[in-house]
Amino acid sequence: MPNVVVIGAQWGDEGKGRIVDLISEKVDIIVRYQGGNNAGHTIVIGDEKVVLHHLPSGILREDKLSVIGNGVVVDPKVLLQEIRELESAGYSANENNLKISDRAHVIMPYHREIDMARESMNGKGKIGTTGRGIGPVYEDKAARRGIKFADLIDPDSLSARLKDVLEERNSYLTKVLGGNPLNFEEIFQEYVQYGRELKGFSCDVSTLLNKSISNGQNILFEGAQGALLDIDFGTYPYVTSSSSGSGGASIGTGVSPTKIDTVLGISKAYTTRVGEGPFPTEISGELGEELRQAGGEFGATTGRPRRCGWFDAFALKYAAQINGISWLAVTKLDVLSGFEKINVCIGYLYKGQQLTSFPSNNQVLKDIEPIYLEMEGWKEDISEAKELSELPIQARKYLEKLEETTGVPIYTVSLGPSREKIIFLNEIFS
Ligand code: IMP
């Protein structure tokens, strides 16, 4: 059984949680390596729907170990609430099945304040963030004024670190953003309590994971967001502030790339994006709305309507190259039932020239013209199909075209939100 990284191959919301939940059955440990509670992974089990923000999707399988790596940013207040909600849904996150890296950075109240104040100030130039303080916490990490989980659980360190950084952050909040200053004592009292409640989860994650690998255990590295939201390779500046690609798995856990065997990319059978930024295959008007309604495309974290578009094989090929995606899991194929014609974008035209690589310049990306391959749609409801041969010929041709145009073989196709609505085309975990 390989150590596998699972990433979103588009702009996030591809259905990673659902796929990780399924394949987590086959691994021993599931680890989140980047992002924070900007993520929202929805998993449907029977009639029940569980939305996870920090916790790895493996937490729904009690015999598995779930880990939050050092690359993740943790909002302790939200995490504690998530743990309580999980418990009331009949699951458990306890000190035996959940470990949190003592090196993970902590989202503090001023991070959220700064995120929201900037977004409302920026007006037209805003990023469309989730407002969870993600950019500011990663900024503080790089600026060496962050507070780590190891500080949160130690009152003396928390006090010293908070004193060091709060004055400067308050000055930025008030003088630059026109906000109100935050009070040291209030934050300290609140956060020291969170630290007490979470202390038992603290762990040297790199040592734990490396030892587990040496003992023959397998790891699933769970990415959040998607390849095109990666801080380096995404559509910057309309990206998140971490390495959401497969490379982030090493940085965010302390497990070296030599120990990772394969990368599974998740993509919808079409494309969606939340927030601002270029989206070459976006469908406007009634057709876009039809796709949004058919796919229930509203954000799991913020409830925002997602922008919808055709499958972009050119962008996916780029994501595959950067991240070494060796297999693709295609989700929500059933949503395309009833569309008379379905487009697949196979290239970009810019000023009449066909581009040979994915542009790094957003101005170019905004002005490109997608080159589409028009395919016949199908009318049948395919959500009950159990095998590839039960799909209409047009749906099978569509999948073949996705493989051909992205250059990545398909591992699995999902046809609905519940665990059993899935067809496996290949076996990669033998
Ligand atoms: P941030 O991560 O909250 O700073 O938001 C930056 C960009 O990433 C925005 O366009 C968000 O909509 C997008 N984003 C962040 N997390 C997710 C996610 O889990 N799914 C999809 N988009 C996301």
Side-chain angles (χ1 to χ4, degrees), residues 6-20 32-43 51-57 71-75 78 82 105 107-108 110-122 124-142 222-245 248 252 265-268 270-279 282 292 295-309 315 319 331-332 362 365-366:
V6 177
I7 59 163
Q10 300 165 314
W11 277 284
D13 306 319
E14 297 90 350
K16 291 177 290 295
R18 177 207 195 308
I19 301 293
V20 170
R32 267 278 305 268
Y33 60 83
Q34 50 74 227
N37 56 319
N38 48 348
H41 292 165
T42 309
I43 297 150
V51 183
L52 301 173
H53 295 289
H54 290 98
L55 295 170
S57 308
V72 175
V73 287
V74 176
D75 186 324
V78 178
E82 204 174 323
H105 278 245
I107 302 176
M108 301 296 289
Y110 44 86
H111 294 132
R112 287 191 298 270
E113 295 278 334
I114 291 171
D115 195 0
M116 287 186 294
R118 275 189 193 146
E119 284 288 293
S120 51
M121 238 175 93
N122 279 349
K124 240 184 143 206
K126 71 176 188 171
I127 305 289
T129 73
T130 57
R132 304 298 192 259
I134 304 297
V137 68
Y138 279 115
E139 243 172 86
D140 276 2
K141 177 177 175 176
E222 178 180 0
Q225 289 83 49
L228 299 172
L229 288 173
D230 183 274
I231 182 83
D232 283 278
F233 296 106
T235 48
Y236 192 91
Y238 301 100
V239 293
T240 191
S241 298
S242 61
S243 300
S244 49
I266 318 291
S267 87
K268 277 182 187 153
Y270 47 96
T271 313
T272 61
R273 174 164 203 170
V274 256
E276 309 300 318
F279 183 178
E282 184 167 12
R292 182 174 307 118
E297 297 296 353
F298 298 89
T301 298
T302 57
R304 290 179 291 177
R306 296 179 183 140
R307 299 156 67 193
C308 296
T331 61
K332 293 187 141 182
N362 264 337
L365 201 52
K366 263 186 358 210

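Atoms within a ligand are numbered from 1 in the order they appear, just like the ligands themselves. Remember, it's a predicted structure, so these values are computed and weren't measured experimentally. These numbers come from the heavy atoms of this one structure, side chains and all, not from hydrogens, waters or symmetry mates.
Annotation: salt bridge (Lys or Arg N to Asp or Glu O under 4.0 Å) contacts involving residues 6-20, sequence neighbours excluded, comprise D13-R306, E14-K16.
The protein atom (non-hydrogen) at minimum distance from atom 2 (O) of ligand 1 is T240 OG1, 2.6 Å. Counting protein heavy atoms only, atom 3 (O) of ligand 1 is closest to T130 OG1, 2.6 Å. Looking at atom 20 (N) of ligand 1, its nearest protein heavy atom turns out to be D13 OD1, 3.0 Å. Among protein heavy atoms, the minimum distance from atom 7 (C) of ligand 1 is reached at V239 O, 3.7 Å. The nearest heavy-atom contact from the protein to atom 5 (O) of ligand 1 is T129 CA, 3.4 Å.
Taking CZ of R112 as the reference point, atom CZ of R132 lies at 9.5 Å (rounded to 0.5 Å).
Neither the backbone nor the side chain of Y238 comes within 4.0 Å of ligand 1, counting heavy atoms alone. Contacts between L229 and ligand 1, counted as non-hydrogen atom pairs separated by less than 4.0 Å, involve the side chain only.
Screening D230, L229, I231 for a side-chain contact (heavy atoms from CB on, under 4.5 Å) involving Y236 leaves a single residue, I231. Checking each of T130, T240, D75 against N38 for a side-chain hydrogen bond (donor to acceptor under 3.5 Å, both in side chains) leaves exactly one that passes, namely T240. When each of V74, I134, V72 is paired with N37, the side-chain contact (heavy atoms from CB on, under 4.5 Å) condition holds for I134 and for no other. The side-chain contact (heavy atoms from CB on, under 4.5 Å) test with E222 singles out one residue from L52, V20, V6, and that residue is V20.
Numbered from 1 in the order shown, with element, the atoms of ligand 1 that lie under 4.0 Å from a heavy atom of I127 read 10 (O). Every atom of ligand 1 is numbered from 1 in the order shown, and the set under 4.0 Å from a heavy atom of W11 is 21 (C), 22 (N).
Under a 4.0 angstrom heavy-atom cut-off, A224 registers as lying outside contact with ligand 1. Heavy-atom separations between T302 and ligand 1 are all 4.0 Å or longer. Using 4.0 Å as the threshold, S241 has no heavy atom nearer than that to any atom of ligand 1.
Nearest approach of E119 to T129, heavy atoms of both residues: OE1-N, 3.1 Å. Here the shortest heavy-atom pairing between Q34 and Q225 reads NE2-OE1, 3.1 Å. Closest of all the heavy-atom pairs between R307 and R292 is CA-NH2, 4.1 Å.
For V274, a nitrogen or oxygen atom sits less than 3.5 Å from a nitrogen or oxygen atom of ligand 1, counting backbone and side chain alike. Geometrically, ligand 1 and Q225 share a nitrogen or oxygen pair separated by less than 3.5 Å. Checked against a 3.5 angstrom limit, the closest N/O atoms of E276 and ligand 1 fall outside it. Remark: ligand 1 and R304 share an N or O pair separated by less than 3.5 Å (distance only, no angle test). Checked against a 3.5 angstrom limit, the closest N/O atoms of R132 and ligand 1 fall outside it. Looking at ligand 1, you won't find any N or O of D115 less than 3.5 Å from one of its N or O atoms.
Residues passing the ring pair (Phe, Tyr, Trp, His ring centres under 6.0 Å) test with F233, sequence neighbours excluded: none.
Among G275, G131, G128, the residue whose heavy atom lies closest to atom 11 (C) of ligand 1 is G128.
Contact check for Y138 versus V73: side-chain heavy atoms found under the 4.5 Å cut-off.
Ion pairing of E297 with R304 is absent here, as no side-chain N (NZ or NE/NH1/NH2) approaches a carboxylate O to less than 4.0 Å.
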